[in-house]
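Below is one structure, written out as structure tokens; comments come after it.
Start at 1 with the first residue, then count along the sequence.
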Amino acid sequence: MLPGCGLAGTGWWCILRTTLLFLSSKDLYTAPDSCKERCEEPYNENDKCHCNAECEMYHNCCEDYYRHCQPGGEWAKEAAHTREGFSSRQDTITDEDLLHISEQLYQADHNKAQPTDITIKPQYQASPDETGDQEDRSPQPLYKYVNEKLFSKPTYASFIKLLDNYQRATGREEDVTAEELREQDSFLKEVMKTELMKKLFTFLHEKNRYGSKQEFVADLKEMWFGLYSRGDGERDSSGFEHVFSGEVKKGKVSGFHNWIRFYLLEKQGIINYFSHNFNGPWDTYPDVLGLQFSWDGFYKEVGSAFIGCSPEFEFGLYTLCFVARPGKACHLSLGGYSISIQTYAWTKSTYSNGKKYIATAYVISP
């Protein structure tokens, strides 16, 4: 007889305790957002997130998927002797794979700026304690010179046409016109002509993330340009708008991690450069800066950005990390130097049977 049940052995507390006694620890574990004890669990549309091999492709893995179900994780150690499961398959994207492919993409960025194409004046370097001060410590603009002939290259030209397609304030519905949809298609068409994006597709195809180039391009359009709501139900945002064009939310700049967008707005007098808190180790382009600036009166405390890269380089690198390491730091190598990119998926809405949109992507600056 269980303590507390009495001689009759009835009542809700007695029944509950009797039930618990015969449940395993797995039965008791009900966390809907964890992969603990769920690796290779069949897909269930009612699950909050997923833990099988396909979740990486559909960008709907639980946040701890890599800890429990990938090489080095708890499940991988238990399953290693069987040589079964996703962790031992050829389509696993390892840390070494990421270092190798990122160097390939770095070398394939043929449209990047040359040293003579851009002159910047970083001026004041802010300490970690100063980035939130909103104090303009750099009297001159960041960009002293940019060779705007770069912008006539097809990927640049098609990218720039996209930048004025958005309302920067979150909470206001985006009205996407037929012309804007054509501009999205044009940009994707141009970037897919480049060696860089061809290499990225080949890599992801070999890792069984995409079965065809058509599938890859269709997914790029959804993950980057598909609209979702950051506000009160209005379809007011997308990954592309947030990362490349920038948004304003609750009086602060949100996203905005693109050097071309920055240059064009600074040239118009709409952006005021304040300082930088990080300057990458590269002596050529692309370089990386962590920026403090004001956009038409709205402040950005740290806006890390590649400087001088082509649109396809940034677009491709962020895509790689979102597919391979969504929600995690993605460790890469560019020209022999280490760099990390952070991406996050938008979790409140999905597309195509559970795939997730890009919420943000940016360089992690120290």
Side-chain angles (χ1 to χ4, degrees), residues 57-60 154-194 196-198 200-201 204 209-210 212-231 233-249 254-261 264 305-306 309-324 326-327 341 343-362:
M57 181 173 68
Y58 289 104
H59 317 307
N60 56 14
T155 56
Y156 285 80
S158 58
F159 173 82
I160 290 170
K161 285 184 179 180
L162 295 169
L163 296 176
D164 64 356
N165 289 352
Y166 302 99
Q167 301 182 72
R168 68 182 180 185
T170 58
R172 299 173 64 180
E173 184 93 14
E174 294 289 350
D175 181 19
V176 182
T177 67
E179 176 62 24
E180 289 171 353
L181 290 173
R182 286 192 291 271
E183 289 174 354
Q184 294 172 10
D185 291 335
S186 176
F187 172 70
L188 292 171
K189 179 181 178 181
E190 292 301 335
V191 298
M192 288 305 300
K193 293 178 182 178
T194 66
L196 188 151
M197 289 297 289
K198 288 177 181 178
L200 176 60
F201 166 69
L204 295 175
R209 296 308 190 272
Y210 297 98
S212 67
K213 187 177 293 185
Q214 182 180 9
E215 180 189 351
F216 180 49
V217 174
D219 198 39
L220 287 174
K221 186 168 184 178
E222 287 290 348
M223 75 167 73
W224 279 106
F225 295 103
L227 293 174
Y228 50 82
S229 175
R230 291 183 190 264
E234 303 87 353
R235 297 201 310 160
D236 61 348
S237 186
S238 70
F240 186 92
E241 176 185 5
H242 182 84
V243 173
F244 295 106
S245 184
E247 298 178 297
V248 171
K249 184 176 183 179
S254 180
F256 201 134
H257 300 286
N258 180 253
W259 76 271
I260 300 169
R261 174 72 160 163
L264 293 173
F306 287 105
C309 67
S310 68
E312 61 265 28
F313 177 83
E314 204 169 5
F315 189 73
L317 231 58
Y318 290 154
T319 298
L320 169 67
C321 286
F322 184 67
V323 172
I341 286 173
T343 66
Y344 288 105
W346 187 254
T347 60
K348 297 181 181 179
S349 56
T350 60
Y351 67 94
S352 299
N353 192 30
K355 287 190 176 184
K356 294 181 180 178
Y357 302 101
I358 291 176
T360 191
Y362 56 88

Donor-acceptor pair, side chain of [X] and main chain of [Y], under 3.5 angstrom:
X	Y	value
Trp259	Ala305	no
Ser238	Gly226	no
Thr319	Phe315	yes
Arg230	Ala359	yes
Ser229	Glu234	yes

message = Before you tell me yes or no, could you show the steps for Tyr351 and Met223 under side-chain contact (heavy atoms from CB on, under 4.5 Å), namely the whole-Å CA-CA distance, both residues' side-chain angles and the distance that decides it to 0.1 Å?
response = CA-CA 8 Å; Tyr351 67 94; Met223 75 167 73; 3.4 Å; yes
Taking atom [atom1] of [X] as the centre, report whether more than 12 heavy atoms of other residues, nucleotides or ligands fall under 6.0 Å from it.
X	atom1	answer
Gln214	CD	no
Arg235	CZ	no
Lys161	NZ	no

State, yes or no, whether a side-chain contact exists between [X] and [Y] at a heavy-atom distance under 4.5 Å.
X	Y	answer
Phe256	Arg168	no
Thr350	Lys356	yes
Lys213	Met192	yes
Ser245	Arg261	yes
Ile260	Glu314	no
Val176	Leu181	yes

Rounded to the nearest 0.5 Å, how far apart are [atom1] of [X] and [atom2] of [Y]?
X	Y	atom1	atom2	result
His242	Tyr344	NE2	OH	11.5 Å
Ser352	Asn60	OG	CG	11.0 Å
Tyr357	Tyr228	OH	OH	9.5 Å
Leu196	Lys198	CG	NZ	11.5 Å

message = Apply side-chain contact (heavy atoms from CB on, under 4.5 Å) to residues Lys221 and Asp185 and explain how you reach the verdict.
response = CA-CA 8 Å; Lys221 186 168 184 178; Asp185 291 335; 2.7 Å; yes
Which heavy-atom pair separates [X] from [Y] by the least distance, and what is that distance?
X	Y	answer
Ser310	Tyr156	CA-OH, 3.5 Å
Gln184	Leu162	N-CD2, 3.7 Å
Glu190	Thr155	O-CG2, 3.7 Å

Candidate pair Glu312 and Leu200, rule side-chain contact (heavy atoms from CB on, under 4.5 Å), full reasoning = CA-CA 11 Å; Glu312 61 265 28; Leu200 176 60; over 6 Å; no
message = If we check side chain to side chain contact (heavy atoms under 4.5 Å, CB included) with Glu241, which of these qualifies: Phe225, Tyr166, Trp224?
response = Tyr166
Reference residue Phe322; test side chain to side chain contact (heavy atoms under 4.5 Å, CB included); the match among Ile358, Leu317, Ile341 = Ile358
Ring centroid separation Phe244 to Phe159 under 6.0 Å = yes
ask   = Would a line drawn from the ring center of Phe240 to the ring center of Tyr318 be shorter than 6.0 Å?
value = no
message = Pairing donors with acceptors under 3.5 angstrom, does anything connect the side chains of Glu247 and Ser237?
response = yes
